[in-house]
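To start, the structure itself, in C-alpha cells.
Order of appearance sets the numbers: ligands from 1, and atoms from 1 within every ligand.
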Amino acid sequence: MTHNLLKGKNGIIFGALDEKSLAWKTAEKAHEEGAKIILTNAPVALRMGRINELAEKCETEVIPADATDMDDLENLFTKSTEILGGKIDFVLHSIGMSPNVRKNFPYTDLNHANFIKTLDISALSLHKLLQAAYKLDAINEWGSVVALTYIAAQRTMPGYRDMADAKAVLESIARSFGYYYGKEKNVRINTISQSPTLTTAGAGIKGFNSFYHYSEQIAPLGNASGDSCAEYCISLFSDYTRMVTMQNLFHDGGFSFTLSSDDVLASFDQ
Ligand code: NAI
C-alpha cells in the first residue's frame, strides 16, 4: 500500500549493493511513495553489485561516486539536480566498511592505516557529502538527511571493532552538521540505529548470527527487519517529521532499552 508520502520530492540514495541492502529496500519504497531518486555507489560496488536492476525498477539512473572523494560527491549533487530538474529533498547515507573487520584484525591490534580508511568510508563520508551539498546549496529547505548506524556506538560489542568508533563519529557528525544546516536552511539530519539485519555488511561482522538471535530474544518486538527500516527512513524523509533533527533514533524493537528478557533469563535457570 502506498500513500504518496514522497510525491514531488527528489532524493539521492547511497549504498544499494544487492536486494538485501538497506539502501535497496529504501530506494524501492521511496519510488513507490512517489519520489524521483538517483542511485549511487562506489565504482567498485557498481561492478560487483546489481544496482542497474534496481535503477530499472525505480526508473532512474546510477551516478558512480566514491563517498570519500569530494570531486565525485560534488559531481553527484550537480548531476542529480540536473537530471531530477530541481534541488534534493532527501539523502540516505547507507555506507559502511572496515578493512580491519574484513581482514579480522583484533581491536587491540588494529592496523591504523585500515582504521583511518574505516573512519573515512563509514563516518567522514557523511561530513563530505553534507559539505558538498552545503557548498552547492543542493538541498531544499526542510530537506532530510538520514544515515544508518548501530548501537555499538554506545554499548560495546567486541566483534564490531573499529566500526563502533566510526559509528560514534558518524552520529556526532549528524548532530554537529545538523546544527549548522538547520540554522542555515532548515535541513534536518538524523541517524537511525538499526537492529542487526542480514546483509552483506552485516554478515561480515564476527559473531553476527549469534548476536542476531540474541537481540531477537531481548527486544520485546524482536529485531526490526530491513523492510521496516526502509519504512522508517521514508517517514523521516516525509513532511511528517519536519521538526526532528540531530537525533540518533533507535529502530530496534526496543532492544536498546531492555536489560534482559524472560526468554534469555530462562536459559540461566538452575
Ligand atoms: P551493504 O553491504 O548492502 O551496504 C553497504 C554499502 O556501503 C555497500 O553498498 C557498499 O558498496 C557501500 N560502500 C562501501 N564503501 C563505499 C565508498 N567508498 N563509497 C560509497 N559507498 C561505499 O550493507 P547494509 O547492511 O545495507 O549497510 C548499510 C548501512 O547500514 C551501513 O552503514 C551499516 O553499517 C548500517 N547498519 C547495518 C546493520 C546490519 O546489521 N546490516 C545494522 C545497523 C546499521
Does any part of the side chain of [Y], heavy atoms only, come nearer than 4.5 Å to the side chain of [X], both counted from C-beta?
{"X": "V62", "Y": "N52", "result": "yes"}
{"X": "H93", "Y": "L170", "result": "yes"}
{"X": "C229", "Y": "T197", "result": "no"}
{"X": "F90", "Y": "I13", "result": "yes"}
{"X": "I38", "Y": "I83", "result": "yes"}

Taking V169 as the starting point, is it possible to reach I95 by hopping between hydrophobic residues whose side chains are less than 4.5 Å apart? yes

What atoms of ligand 1 come closer than 4.0 angstrom to any heavy atom of [X]?
{"X": "Q194", "value": "42 (C), 43 (C)"}
{"X": "G202", "value": "41 (N)"}
{"X": "P196", "value": "40 (O)"}
{"X": "A45", "value": "11 (O)"}
{"X": "T200", "value": "2 (O)"}

Where's the contact between [X] and ligand 1, heavy-atom distance under 4.0 Å: side chain, backbone, both or neither?
{"X": "K20", "answer": "neither"}
{"X": "F208", "answer": "side chain"}
{"X": "S94", "answer": "both"}
{"X": "T149", "answer": "backbone"}
{"X": "S195", "answer": "backbone"}

Check whether the side chains of T68 and D66 place a donor and an acceptor atom closer than 3.5 Å, and report yes or no. yes

Verify the distance criterion only: is there a donor paired with an acceptor across the side chains of D252 and Y150 at less than 3.5 Å?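 No, no side-chain donor-acceptor contact under 3.5 Å.
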
Evaluate the salt bridge (Lys or Arg N to Asp or Glu O under 4.0 Å) criterion for residues K79 and E82: first the C-alpha distance (whole Å), next the side-chain angles of each, then the deciding distance (0.1 Å), finally the verdict. CA-CA 5 Å; K79 282 218 176 112; E82 278 167 21; over 6 Å; no

Carboxylate-amine/guanidinium proximity below 4.0 Å for E33 and K7: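 No, E33 and K7 are not salt-bridged.
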
Are E28 and K25 ion-paired here, with the side-chain N under 4.0 Å from a carboxylate O? no

Among all protein heavy atoms, pick out the one at the shortest distance from [atom]; state its residue, atom name and that distance to 0.1 Å.
{"atom": "atom 27 (O) of ligand 1", "result": "A201 CB, 4.0 Å"}
{"atom": "atom 22 (C) of ligand 1", "result": "I95 CG2, 3.6 Å"}
{"atom": "atom 17 (C) of ligand 1", "result": "A42 CB, 3.8 Å"}
{"atom": "atom 34 (O) of ligand 1", "result": "K167 NZ, 2.8 Å"}

Heavy atom to [atom], shortest distance: which of [options] holds it?
{"atom": "atom 37 (C) of ligand 1", "options": "L148, L22, T197", "answer": "L22"}
{"atom": "atom 24 (P) of ligand 1", "options": "T199, I192, I205", "answer": "T199"}
{"atom": "atom 10 (C) of ligand 1", "options": "N41, D252, D72", "answer": "N41"}

Give yes if a backbone or side-chain nitrogen or oxygen of [X] is under 3.5 Å from a nitrogen or oxygen of ligand 1, and no if not.
{"X": "A23", "result": "no"}
{"X": "I121", "result": "no"}
{"X": "S21", "result": "yes"}
{"X": "A67", "result": "yes"}
{"X": "D66", "result": "yes"}
{"X": "G15", "result": "yes"}

Would you mind telling me which of D120, D69, D72 makes a salt bridge (charged side-chain N to carboxylate O under 4.0 Å, His left out) with K128? D120

Taking the six-membered ring where the residue is Trp, are the ring centres of F211 and F208 under 6.0 Å apart?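 No.
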
Could you walk me through whether N186 and E141 satisfy the side chain to side chain donor-acceptor pair (under 3.5 Å) test, starting with their C-alpha distance in whole Å, then the side-chain angles of each, then the deciding distance to 0.1 Å, before giving a yes or no? CA-CA 5 Å; N186 295 320; E141 292 249 340; 3.1 Å; yes

